Every structure is written in structure tokens, then in C-alpha cells.
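All figures in this text were calculated on a predicted structure; none of them were measured in a lab. Per chain, numbering begins at 1; letters A, B, ... match sequence-line order.
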Amino acid sequence: MQIPEVTPDATLNICLDTLKKGKQALVFVNTKRGAEKAAEDISKKTKLANAALTQLAEESLKALSKPTVQCERLARCLKEGVAFHHAGLHAKQKELIETNFRNGTVKIIACTPTLAMGLDLPAYRCVIRDLKRYSQRGMGFIPVLEYLQMAGRAGRPKFDNVGEAICIANSEHEKEDIQVRYIHGDPEDIYSKLAVEPVLRTYILSLIASNFVRTRKELMAFFGKTFWAHQFKDLDKLEHIIDKMLELLETWEFILPSGKDDFVSASELAKDVQHRPTVIGKRVAELYLDPLTAHELITAIRKANATKTTNVVAFLHAICTTLEMRPLLNVGTKDYDAVQRTLVEWDKQLLVNEPTAFDPEYDEYLNATKTAMMLHAWMEETDEQTLLDAFNVRPGELHVKTDNADWLLYSMMELANLLNCNDVIKSINKTRVRLRYGAREELIPLLKLEGIGRIRARSMFKAGIKDLGDVRKATLEQLTVLLGKAVALSVKKQTGEHH
DNA sequence: GGACGGTGAAACTTCAGGTTGCCTC
DNA sequence: GAAGTTTCACCGTCC
């Protein structure tokens, strides 16, 4: 197969050739920035602009109350029938792109591996531009499994008999390398996810909490049958790991060993220890929290209760130090000073103490702090563009983070409830509402109204309408000016007035 | 002499994704 | 590893 070399860029040439055939293509790229750049470059050459695409572009700008530079860039690409797709996009924009690719309006998508994973978005051609990607160990080849995922998007069963997956090589040497490694290579072995400690901890606790297993023997028997054990082979070591975990769960008071009041003979006890969940342990399992996280949250709650902490920053910071919030924002050389300064400022109120600078966990602590700073900025009503500039966080990523944090705050409230820390519950709930809406405390009463988010609540507040009482007092005309007719009516209705 | 501006080379920085966890009265 | 960004030395111009 020969592709005309219209430009020096091979990826671009393939895309233009695909368009000439009247087909669609996906271009898999290595970074978010790369995806946007690739889409932009392609969009400059497609000459597809039409009315439907212009409308699509305009729609994509409406995803946020105030479009970010990312939104504008997407709109420019969409006008030419091209899109980029990565986790930083707002959910509405992702959906818009997906449906319009499926119906054929959008011809080319440049994307990060997002599209290869979940969604079923097949295309005639898949261009796999980057087979290397940055990871903790530096730049390296992606797994064969991942290559297969991407290549598997080529060919739409309903429309084409064939599909083409094309890798881009920059040299003869690279071409051979790709052939050996990916085209003729074997996918790597699959490893059991149980091998990861947090998963194992969670699993053991949930087995005990649900009374699925009652004794150590049963627990061992259960794990003996898993894929993990099959891979692990060394059963003695496996038992040792599980025993260590049980011990931890016991010290954290999530499970009890068989009590002295139980009628079990001494010899039997030695062979087989019985485990029961505690009330808290049961709840932790239901919440699907990693027991370590739960333990850390409980420690934080106790401290908050003892010190009468009410500051939202303290709770925000506490949840950011848990494993569940990872990956965290990275503290680079540029924001190192700012993070340090904030840490000094927050120091007295924080529930999780700063490790020493020599501690291997120190960097992650700084990252957690930066993540908390970002979420805090959001709660102080910072707009999306500013968050992008200051923290390099895009709307889609913000949503993933706030959603995650919301769940952790909820879990924290549940634990505080079991610990009878009522003041703490109140403060956490305040944090949760503010985080969800990205608003300051003073807007909370207004946010209870359906159809009112941070933007509308703020404009009402500015106009002197500060709580539900004010809403009742305000005239429909007043509200209509601020919110538009439909929303004004709905708000009035919610506060008990009927028109 | 000195403030300013343009230029290019070198140094530096950054880099994918996200299942389900819960509860809404 | 590669692309984008910042920094910095260097040079020329104008006052």
C-alpha cells in the first residue's frame, strides 16, 4: 500500500489519504498535548468545513460557562471535521465527539489511549503514532497488550470488511523493532490484581465482613483457589502475607480474633483462628475503602475531634494524603516554593503531619498538599481556565478528582458518625458541599436549589439574595433578570410559591 | 555609556488513564 | 525521548 507524500508528516498524509477514500481514522498519540497538536495540524489541511461542523463547534464551546483555551482549540478543530480526545475534556465534549464520530460527522480523532480502553469506537484506520510513552522508569515501549487494544479499533464490522492499523516508524531500525516487538510479538502475561497490597487488604476485610469466610483456614482455602495463588506458587509465603494482613486489620480494630468467650477448644484455636468484623470494620468493607486509608481517616477524625477543627482545608488535605486520591498533582520546581509557603500557612490546622524532608514519603506529601491546594482553589470559585494555568488541571481531570474526593469525604463522614464525632461530621459535610459545587461557604444555602450551581448562586448573592428567605422575598421579575424565566420560575416553585 | 529589543542556542520541564467504591427524600 | 518553554548571552540600534 502506498500513501501519497503530500506533506513531510507521515501521520498527516495517512489521514488525508483516509479522507480521500471517504473513511474515518483514529490517531493514537502519547500525550494530551500531543493529541491536541496532532488534531490541530490535521485540521489545518482537511478542508471539510461545513454548516453541521460549525454548529458542532459552537456546541462544544457551551460545555462550560466560560470556555477555556482548550475548548476554543477543540472548536477550531471540530470546524474542520477533526477532534482531539483525552481525559482532560469535559464529559459533555467527550460525548459530543463520540456520537459525532459514530454518525460520521467527525472524520478524524487524535487521542490518548482513552479511546482504546473503554468505548467501542471503531474506525477504518487506526494510526498508532507513538509506541513509546513516558512512565516512572523513563521513556519506554508500551505493552503489547495495549498495542493490540489500539490496533483492535481498526475496522468497523458493520461497514468495512477490513480495517488497517498502521504504526509509524521513524527509521528502518525502528521499523524492524516494531515488527518484532508488536506485529509478531506475544502479549505479556496477565498478573493478578490481588498481588497489590491495598487490594488484598480490602479483599480480606470484605470476605470477613460479609461472613463469607469465618476462620483463618477458610480464608487460606479461598485464596488458595485464586489466580493470585496460582501465579504465586509459594503457599507458605502466601500464608505469611495473609497473616500479616490479618494482624494489621486486628490492630486497626476492623476485625476481632475469636474472643475468649467463644467456646473453642484450645487445640482447635491453635489450628484455626476465627475472625469477626467490628462494626467499623463492617462499614469500611461496605464503603469499599482500603483499610489503611480507613485507618488514616479515623486517626484524622479523632484528631479533628480533639482539636475542634472546623477548617475545610484540614479535611481536604487529609483525604489527599490517601492512596485513593492518587495519582496526585506533581510538585515541580516552579511550584515548590508556593507549596512550601502554603504548608507553613496551613501547618497548625492540618490533621496529617508533615514527614521529615528525608522521608521517602515526603514528595508524595508535597504532592498531596498541591492537590489539596487545587481543590481548595476550586472551592474558592476559581474558574476552569485559571485552574488550567495554575495547576495544569483540565476540566475533565478536575471532575475525576472532585468526584473521588467526594466519595472519600462521604466515607469520612460515615466513619465520623460511627465514632460519634458530630461536630466533625458537620465540618466535613460543609467541605463536601463546597467541593461538589466549587463554591464558597456563603453560597451553600442557595446551592440547595435545583438548577442553581456556583455561577447562578454567585450572581444571586451579588444581587443581595443570600438565602431561601431572600429568594421568597425577591420578585419573579428580579429573579428572571438574574436567572432567566424558566429557572426563576423553578426556583420560586421550590421555595413554595406557585405562579 | 546605557537602555532596549531581537535572535538563537542551551537548559530546563513535562509527559495516559480512572473500574468501582456511597447516598440523594 | 521529544516537544515546548524559559533563560541567557550576544549583538545591534537608538537616544
Side-chain angles (χ1 to χ4, degrees), chain A residues 9 27-38 40-41 84-89 91 94 110-119 128-143 145-147 149-150 168 170-171 174 177 193 196 198-199 201-203 205-206 209-210 282-291 293-294 297 319 322-336 367 389 391-394 396-418 425 428-429 432-433 436-437 447-450 494:
Chain A
D9 182 348
V27 180
F28 287 100
V29 170
N30 170 344
T31 62
K32 291 197 267 284
R33 185 162 62 183
E36 294 187 18
K37 175 77 161 49
E40 197 168 55
D41 288 349
F84 52 84
H85 190 289
H86 55 60
L89 285 181
K94 278 194 230 172
C111 59
T112 54
T114 7
L115 278 192
M117 302 185 67
L119 277 146
I128 301 161
R129 198 194 70 179
D130 302 328
L131 284 160
K132 283 183 173 177
R133 187 165 53 224
Y134 179 85
S135 70
Q136 267 122 349
R137 288 191 216 85
M139 198 59 115
F141 281 106
I142 58 169
L145 277 174
E146 238 180 87
Y147 157 79
Q149 282 267 1
M150 295 194 279
I168 306 287
N170 296 311
S171 65
E174 205 180 325
D177 210 7
K193 285 196 166 180
V196 189
V199 180
R201 283 193 293 250
T202 312
Y203 219 84
L205 180 58
S206 93
S210 61
K282 223 172 168 160
R283 193 73 188 116
V284 169
E286 282 167 6
L287 291 165
Y288 231 82
L289 279 176
D290 173 4
T293 296
L297 291 181
I319 58 164
T322 65
L323 280 170
E324 274 87 344
M325 279 301 286
R326 294 186 188 189
L328 300 163
L329 302 187
N330 206 21
V331 176
T333 37
K334 259 185 294 183
D335 30 39
Y336 187 83
N367 291 343
D389 295 337
F391 296 98
N392 195 25
V393 172
R394 296 157 192 73
E397 294 156 322
L398 172 70
H399 185 257
V400 172
K401 284 271 173 290
T402 52
D403 206 44
N404 228 243
D406 182 64
W407 163 56
L408 284 165
L409 287 170
Y410 171 78
S411 301
M412 208 173 174
M413 275 167 68
E414 288 292 296
L415 295 173
N417 188 28
L418 293 177
I425 296 178
I428 299 176
N429 195 224
R432 198 173 165 216
V433 175
R436 195 185 293 170
Y437 289 95
L447 295 171
K448 295 202 173 82
L449 294 164
E450 195 183 309
Q494 289 176 63

Original post:
In whole Å, what is the span from the CE atom of M412(A) to the C1' atom of dG21(B)?
Top reply: 17 Å
Original post:
What integer distance in Å separates R326(A):CZ from dT20(B):C1'?
Top reply: 19 Å
**OP:** Side chain of Y410(A) only, please: which of dC22(B), dG1(C), dG18(B) is the nearest?
**Re:** dC22(B)
Original post:
5'-most contact on DNA chain B: G332(A) or E286(A), nearest heavy atom basis?
Top reply: G332(A)
Subject >> Nucleotide nearest Y134(A) when distance is taken to its side chain, options dG17(B), dG1(C), dG4(C) >> reply: dG1(C)
**OP:** Specify the separation, in whole Å, of atom CG of N30(A) and atom C1' of dA16(B).
**Re:** 9 Å
**OP:** Could you measure between the two P atoms, the one in dG4(C) and the one in dA16(B), and give it in whole Å?
**Re:** 14 Å
Original post:
Nearest of dG21(B), dC22(B), dT13(B) to any side-chain atom of W407(A)?
Top reply: dG21(B)
Subject >> Value in whole Å for how far the P atom of dG17(B) lies from CG of N404(A) >> reply: 15 Å
Original post:
Counting any heavy atom closer than 4.0 Å, what does Y288(A) reach on the DNA or RNA strands: base, sugar-phosphate only, or nothing?
Top reply: sugar-phosphate
Original post:
D406(A) near the nucleic acid: base, sugar-phosphate alone, or nothing, with a heavy-atom cut-off under 4.0 Å?
Top reply: nothing
**OP:** Taking only the side-chain heavy atoms of R283(A) (C-beta and beyond), determine which of dG1(C), dG17(B), dC23(B) contains the nearest atom.
**Re:** dC23(B)
Subject >> Proximity to the side chain of P113(A) - top-ranked nucleotide from dG18(B), dG21(B), dG17(B) >> reply: dG17(B)
Original post:
Among dA16(B), dT14(B), dG21(B), which is the nearest nucleotide to the side chain of D403(A)?
Top reply: dG21(B)
Subject >> N/O (side chain, T114(A)) to phosphate O (OP1/OP2, dA16(B)) under 4.0 Å >> reply: no
**OP:** Classify the nucleic acid contact of E450(A) as base, sugar-phosphate or nothing, counting any heavy atom under 4.0 Å across all strands shown.
**Re:** nothing
Original post:
The side chain of P327(A) lies closest to which of these nucleotides: dG21(B), dA16(B), dG18(B)?
Top reply: dG18(B)
Original post:
Do the charged groups of K32(A) and E397(A) touch, with an N to O distance under 4.0 Å?
Top reply: yes
**OP:** Scan N392(A) against the nucleic acid and name what it touches under 4.0 Å (heavy atoms): base, sugar-phosphate only, or nothing.
**Re:** sugar-phosphate
Original post:
When we call it a touch if two heavy atoms are under 4.0 Å apart, what does S411(A) touch: a base, just sugar-phosphate, or nothing?
Top reply: nothing
Original post:
Which part of the nucleic acid, if any, lies within reach of T202(A) when heavy atoms closer than 4.0 Å are counted: base, sugar-phosphate only, or nothing?
Top reply: nothing
Subject >> R33(A) side-chain proximity, nearest of dG4(C), dT13(B), dA16(B) >> reply: dG4(C)
Subject >> Counter-base of dC15(B), judged by Watson-Crick or G-U geometry with both distances under 3.5 Å >> reply: dG1(C)
**OP:** Could you check how far CG of L89(A) sits from P of dG17(B), rounded to whole Å?
**Re:** 10 Å
Original post:
Rounding to a whole Å, what distance do you find between K193(A):NZ and dG18(B):C1'?
Top reply: 10 Å
Subject >> Nearest-nucleotide 5' precedence on DNA chain C, M139(A) against K37(A) >> reply: M139(A)
**OP:** Inspect the contact between R33(A) and E36(A) and indicate whether a charged nitrogen and a carboxylate oxygen are less than 4.0 angstrom apart.
**Re:** no
**OP:** Determine the contact category for E414(A): base if any of its heavy atoms lies under 4.0 Å from a base atom, sugar-phosphate if only primed atoms, P, OP1 or OP2 are that close, otherwise nothing.
**Re:** nothing
**OP:** Tell me which nucleotide among dA16(B), dG4(C), dT24(B) gets nearest to the side chain of R436(A).
**Re:** dT24(B)
Subject >> Distance test, side-chain N/O of K32(A) to OP1/OP2 of dC15(B), below 4.0 Å >> reply: no
**OP:** Between N170(A) and K334(A), name the one whose nearest nucleotide on DNA chain C is closer to the 5' end.
**Re:** N170(A)
